[in-house]
Amino acid sequence: MLKFKRRMQDSSHGPKTYVAPGTRIIGTIQGKGSYVFCGTIEGDCDISGPLTLAEGGRWKGTIKATDIVVAGTVEGDVIGEQRVEITGTARVTGSLAGHSIAVAEGAIIEGDIKVKSGVAPVTFQEKRGTEVQAQVPTKILAHS
């Protein structure tokens, strides 16, 4: 079983290539390195490295990369060579495939999920950006 100490979105992979909100790309995208897409993309991609589709980003076509984080909207398949993370703000109309797949509460997926490792998809509750307060018990009971 694959076990990761940090979620992909929290990890660092060096310098990133950013595509800003308001940018529209039509065509095939190929490359190496870390990519963050915040705009609108129409076409397929094959990236050797991590790819993030930010919240508000839109993608129409197939996304293929080493590791993928989706926080925006995808109309097409998402194929991760290793890991795929779908955040609570994501909407995917198409299939997901990867060795490890994590889907946050609130995400919408209209398609199949294919985990290549044979392990069931992981679900999680998004806690970044929200304050989680520790609950302190008001009374401690001791048993003798």
Does a side-chain heavy-atom distance below 4.5 Å link [X] with [Y]?
| X | Y | value |
| --- | --- | --- |
| V70 | T87 | no |
| V19 | I25 | yes |
| V103 | I101 | yes |
| L51 | C45 | yes |
| E110 | R91 | yes |
| T52 | P50 | no |
| L96 | D112 | no |
| I108 | V92 | no |

Can [Y] be reached from [X] by stepping across I, L, V, M, F, W or Y side chains whose heavy atoms are under 4.5 Å apart?
| X | Y | result |
| --- | --- | --- |
| V36 | L53 | no |
| V115 | I79 | no |
| Y18 | I47 | no |
| I29 | I63 | yes |

- Task: Tell me yes or no: between the side chains of D77 and S95, is some donor less than 3.5 Å from an acceptor?
- Result: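 Yes, because at least one side-chain N or O of D77 sits under 3.5 Å from a partner of the opposite role on S95.
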
Does [Y] offer a backbone N or O that forms a donor-acceptor pair with the side chain of [X] under 3.5 Å?
| X | Y | value |
| --- | --- | --- |
| D46 | Q30 | no |
| S48 | K32 | no |
| W59 | G43 | yes |

Handout entry: Over 12 non-hydrogen atoms of neighbours within 6.0 angstrom of CD in E42
Key =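 Enclosed: over 12 neighbouring heavy atoms sit under 6.0 Å from CD of E42.
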
(message) With a sphere of 6.0 Å drawn around NZ of K116, does it hold more than 12 non-hydrogen atoms of other residues, nucleotides or ligands?
(response)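 Counting neighbours around NZ of K116, more than 12 heavy atoms of other residues, nucleotides or ligands fall under 6.0 Å, so yes.
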
[atom1]/[X] to [atom2]/[Y] distance, rounded to the nearest 0.5 angstrom?
| X | Y | atom1 | atom2 | answer |
| --- | --- | --- | --- | --- |
| K60 | T40 | NZ | OG1 | 11.5 Å |
| R58 | T73 | CZ | OG1 | 4.5 Å |
| R83 | D67 | CZ | CG | 4.5 Å |

Practice prompt. For residues C38 and A54, report the shortest heavy-atom separation together with the two atoms involved.
Written response: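 Scanning both residues, the minimum pair turns out to be SG-CB, 3.8 Å.
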
